[in-house]
Student: 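First the structure, then my questions, so here it is.
Predicted model only: the values in this text are computed from it and were never measured. Side chains included, hydrogens not; waters and symmetry mates left out as well; all remaining heavy atoms used.
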Amino acid sequence: MYARSIASSTNGSVYVGIGTVRAQVVRFDPATGKTKGLLSEAERVAGTASVFRAIDGRVYARVGQKTFRCDGDALTVVEQTPATRVGGL
């Protein structure tokens, strides 16, 4: 697995989109140094997950055809992919 995208959240977490064979979204907690994979085995499709910070300040993950909002250790499916800032910042 390779890290392909990274985004920091207003909740203090850092999210990383990884994969090549099977996608995964990993949450990194800088305060503790711990990491946690957030996708269930059934959600881990072929390819790579991508994470990004949207204009609402939250981090989202795109995995296959689904978009998830990253909420701490939980991923919540959203119907529409939110807009990002120019340059993804």
Student: I'd like to know if the side chain of Q24 and the backbone of L39 have a donor-acceptor N/O pair within less than 3.5 Å.
Tutor: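 Between the backbone of L39 and the side chain of Q24 there is a qualifying donor-acceptor contact (under 3.5 Å).
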Student: With clusters defined by side-chain heavy atoms of hydrophobic residues (ILVMFWY) lying less than 4.5 Å apart, directly or transitively, does V14 cluster with V26?
Tutor: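 Yes; tracing contacts between hydrophobic side chains, which count when under 4.5 Å, links both residues.
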Student: Among residues at least two apart in sequence or on other chains, which ones pass side chain to side chain contact (heavy atoms under 4.5 Å, CB included) with E79?
Tutor: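 E79 satisfies side chain to side chain contact (heavy atoms under 4.5 Å, CB included) with no residue once adjacent residues are dropped.
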Student: Could you work out, with side chain to side chain contact (heavy atoms under 4.5 Å, CB included) as the rule, every residue matching K36, not counting sequence neighbours?
Tutor: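 By the side chain to side chain contact (heavy atoms under 4.5 Å, CB included) rule, K36 matches L38, D73.
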Student: So, for S13 and P30, which heavy atoms are closest and what is the spacing to 0.1 Å?
Tutor: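 Looking at all heavy atoms of both residues, the closest pair is CA-CD, 4.4 Å.
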Student: To check you understand the geometry: which heavy-atom pair defines the closest contact between Y15 and S9, and what is its length?
Tutor: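 Result for this residue pair: CE1-CB, 3.8 Å.
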Student: What residues form a side chain to side chain contact (heavy atoms under 4.5 Å, CB included) with T10, not counting sequence neighbours?
Tutor: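 Listed in chain order: R53.
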Student: Partners of S50 by side-chain hydrogen bond (donor to acceptor under 3.5 Å, both in side chains), sequence neighbours excluded?
Tutor: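 Scan of S50 (side-chain hydrogen bond (donor to acceptor under 3.5 Å, both in side chains), adjacent residues dropped) gives none.
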Student: Taking all non-hydrogen atoms of both residues into account, name the closest pair between V25 and C70 and its distance.
Tutor: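 Reported closest heavy-atom pair: CG1-SG, 4.5 Å.
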Student: How would you list, by chain and number, every residue that makes a salt bridge (charged side-chain N to carboxylate O under 4.0 Å, His left out) with R58, sequence neighbours excluded?
Tutor: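 Here the qualifying residues are D71.
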Student: Can you see which heavy atom on A23 is nearest to which on V63, and at what distance?
Tutor: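 So the two residues come closest at CB-CG1, 3.9 Å.
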Student: Do you know which two heavy atoms are closest between G19 and T48, and how far apart they sit?
Tutor: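 Reported closest heavy-atom pair: O-OG1, 3.3 Å.
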Student: Return the set of residues passing side-chain hydrogen bond (donor to acceptor under 3.5 Å, both in side chains) with Q65 (not counting sequence neighbours), or none when no residue passes.
Tutor: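 Counting only residues at least two positions away or on another chain, Q65 forms no side-chain hydrogen bond (donor to acceptor under 3.5 Å, both in side chains).
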Student: Check whether any side-chain heavy atom of F52 sits under 4.5 Å from a side-chain heavy atom of S5, and report yes or no.
Tutor: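 Side-chain contact under 4.5 Å: no.
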Student: Might you point out which heavy atoms bring A7 and V51 nearest each other, and give the distance in Å?
Tutor: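 Looks like N-CG2, 3.8 Å.
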Student: Apply the hydrophobic cluster definition, ILVMFWY joined by side-chain contacts under 4.5 Å directly or through others, and give me every member besides V21.
Tutor: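 Reading the cluster by chain and number, V21 sits alone, since nothing else belongs.
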Student: Is there a path of hydrophobic side-chain contacts, each under 4.5 Å between heavy atoms of I, L, V, M, F, W or Y residues, that connects V78 with V59?
Tutor: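 As far as the 4.5 Å side-chain criterion goes, V59 and V78 are not connected within one cluster.
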Student: Nearest 0.5 angstrom please: T35 OG1 to R27 CZ, how far?
Tutor: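 Reported value, rounded in 0.5 Å steps: 10.0 Å.
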Student: With T67, which residues qualify under side-chain hydrogen bond (donor to acceptor under 3.5 Å, both in side chains), at least two apart?
Tutor: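 Scan of T67 (side-chain hydrogen bond (donor to acceptor under 3.5 Å, both in side chains), adjacent residues dropped) gives R62, T81.
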